[in-house]
Amino acid sequence: MALPKSHNYDPKHVFDIMVIGSGIAGMAASLFSVNRKLSTVQAGSVGGTLFASGLFDLMAIHPVEEKRVWADPWEAIAALRKQGSLHPYARISDDAIQSAFEEIASFLSSAGMAYRFEKNRNLPVITSMGTIKHTYCVPESMWHGVEAYNEKAPCLIIDFNGLREFSGRQISSTLREEWPGLRAVRISFPDTEGLNEVHPVHLAQALELSAVRESLAARIQPEIREARYAGFPAVLGIKKTAAICAHLEKLLGIPVFEIPMMPASVPGFRLKEIFDSVLPPKGLLRLIDKRVESVARLDNGNFILNIGGPDQEQFIQARGVILATGRFMGKGLLSDRKGIYEPLFHLPLHQPESRISWHHERFLDPSGHPINSAGVEVDDSFRAVDGTGKTIYDNLFIAGSILAHQDWMRMKCGSGLAIATAYAAVNAFINNFMNKSDRITA
Ligand SMILES: Cc1cc2nc3c(=O)[nH]c(=O)nc-3n(C[C@H](O)[C@H](O)[C@H](O)COP(=O)(O)OP(=O)(O)OC[C@H]3O[C@@H](n4cnc5c(N)ncnc54)[C@H](O)[C@@H]3O)c2cc1C
């Protein structure tokens, strides 16, 4: 391919890596790339991370048809491998997965969003539906909820008039039998009296002010009585959550915790804010809200990516690409009457033979649906392969939920899969590609 002739293109400016996608996989890939001193550019719209609950699942359910819940996520992964599963975890060692989690947790902690996990144990977390979700890594702000649930300690859940996504009453009534000491109270959030609806992000922003916290605590205080913990919807600030939790604990005299909510999620917003603000000073060129519209390959193997479409073309040249564009929701995969396809590189996909077999007959079939395991197949270096197992491009690496042979939603492995495969993909780029050729940096 000839180099594009455009004022928006500098042919001498070559990045090591272009990360496409800004969900957890894309963000993690950018972090791992800049930590390894690769010159990195990332494009992607905000969508993905805003939906994330803030919990980082590793692996909780396998096999999905039996809905077997594992107390130890590593045992679940070992079982998966033993059964010859093609799940992406079968291509990554436990040590590498653990290192990936540690690197992300350490980054987030230094940016003010600490995470807690126990090495060999899934943690029980109360959801806004009153169910218990088993996950691996929880934001520090949710940690006391794990303790309160384990102890079945007397606990008060607070919710707010007009906050539609969250009902303390539903949580307490769903869990009443196993947790009789759980109680709910609904109050008005300061300065929202009379409003029919309040938005989680607005509450979180308001709580950044200490006067609002004092006013809120004064309303809650008479309701505490015997409670030894206080649970809140996950709206305890955007940038100062640790300080806000500590202040509320001081005012109320008991430990407080957050309960993850339905999207749009404030912890997801926090993650997005951290990645978007902390990675660029570390060297990432972050093209916020930009989509890669098309891709071409030069004779030397470098990719040229067209960002922004016909009216606002901008071209980026990179020696390697991490494709982390997710599945159908973010348009990483598309479908029509003939099948499922990947729109950027036109990669061959693992998918059901025909449209009729995308779904089982019953919507709630316990084994999920074949379409949920469709995606890109890879080699051990996370490079896309064709139907014969042949690597398609030596410098195209795949990460996250676009990968085949996993049903992250049912297996409860979403963020773990995204983080671990981003780690494997970036390291594979360095080991398989960068070390074998002269490095040109931007
Ligand atoms: C409602 C919800 C709740 C969740 N809860 C949990 C949970 O409790 N625990 C957990 O571990 N995980 C959870 N997850 C999963 C997790 O947040 C991630 O969605 C999942 O891990 C997949 O991440 P990903 O980065 O591969 O894909 P995505 O999150 O889908 O991100 C892909 C991104 O790529 C972008 N993109 C696509 N095409 C292009 C292009 N051409 N150019 C640029 N950008 C492009 C998309 O717009 C999107 O932003 C949840 C997800 C959702 C949706």
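Counting begins at 1 with the first residue of the sequence. Note: hydrogens, waters and symmetry copies are ignored here, and every other heavy atom, side chains too, is used. Whatever order the structure lists them in is the order used to number ligands and atoms, beginning at 1.
Considering backbone and side-chain N/O atoms, Ser415 comes within less than 3.5 Å of an N/O atom of ligand 1. Any N or O atom pair closer than 3.5 Å counts here, and Ser53 shares at least one such pair with ligand 1. Considering both main-chain and side-chain atoms, Gly416 never comes within under 3.5 Å of ligand 1 through any nitrogen or oxygen pair. For the pair Ile24 and ligand 1, the shortest N or O to N or O distance falls below 3.5 Å.
For atom 1 (C) of ligand 1, the candidate residues are Pro260, Gly44, Cys413, Pro263; the nearest heavy-atom contact is made by Pro263. Between Leu334, Val292, Leu271, Ile419, it is Val292 that holds the heavy atom closest to atom 40 (C) of ligand 1. In this comparison of Ala399, Gly414, Gly330, the heavy atom closest to atom 46 (C) of ligand 1 sits on Gly330.
Counting only residues at least two apart or on different chains, the salt bridge (Lys or Arg N to Asp or Glu O under 4.0 Å) pairs with a member in residues 121-140 are Asp57-Lys133, Arg116-Glu140, Glu118-Arg121.
Not a single heavy atom of Glu293 lies less than 4.0 angstrom from ligand 1. Residue contact check for ligand 1: Met262 places no non-hydrogen atom closer than 4.0 Å to it.
When each atom of ligand 1 is checked for a heavy atom of Ile20 under 4.0 Å away, the hits are 40 (C), 42 (N), 43 (C). Atoms of ligand 1 found under 4.0 Å from any heavy atom of Ala43, numbered from 1 in the order shown, are 43 (C), 44 (N). Short contacts between ligand 1 and Ala52, defined as distances under 4.0 Å to a heavy atom of the residue, involve ligand atoms 17 (O). Contact atoms of ligand 1 toward Gly400: 26 (O) (distance under 4.0 Å to a heavy atom of the residue). For ligand 1, the atoms sitting less than 4.0 Å from at least one non-hydrogen atom of Lys290 are 43 (C), numbered in the order shown with element in parentheses. The Arg291 neighbourhood of ligand 1 comprises atoms 36 (N), 37 (C), 38 (N), 39 (C), 40 (C), 41 (N), 42 (N), 43 (C), 45 (C), 47 (O), with distances under 4.0 Å to a heavy atom of that residue. Near Gly326, meaning under 4.0 Å from one of its heavy atoms, ligand 1 places the atoms 27 (O), 30 (O), 32 (C). Heavy-atom contacts of Ala25 reach the following atoms of ligand 1: 24 (P), 25 (O), 26 (O) (cutoff under 4.0 Å).
With a heavy-atom cut-off of 4.0 Å, Leu344 touches ligand 1 through its side chain alone.
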Assess the residue pair Gln205 and His202 against the criterion (side-chain hydrogen bond (donor to acceptor under 3.5 Å, both in side chains)); give the C-alpha distance rounded to whole Å, side-chain angles, the decisive distance to 0.1 Å, and a yes or no.
CA-CA 5 Å; Gln205 283 162 339; His202 296 161; 4.8 Å; no
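Looking at residues two or more places apart in sequence or on another chain, you find a side chain to side chain donor-acceptor pair (under 3.5 Å) between Glu151 and Arg228, Tyr229.
The side-chain heavy atoms of Arg68 and Pro63, taken from C-beta on, include a pair separated by under 4.5 Å. By the 4.5 Å heavy-atom criterion applied to side chains, Lys272 and Ser22 are not counted as neighbours. The shortest side-chain heavy-atom distance between Thr135 and Phe117 does not fall under the 4.5 Å cut-off.
The shortest heavy-atom contact between Ser99 and Tyr423 is CB-OH, 3.3 Å. Nearest heavy atoms, Leu207 versus Leu236: CD1-CD2, 3.8 Å. The two atoms that bring Leu305 and Ile20 nearest to each other are CD2-CD1, 3.5 Å, heavy atoms only.
With ring centers used as reference points, Phe382 lies 6.0 Å or more from Phe397. Ring to ring, Phe15 and Phe303 are not that close: their centroids are 6.0 angstrom or more apart.
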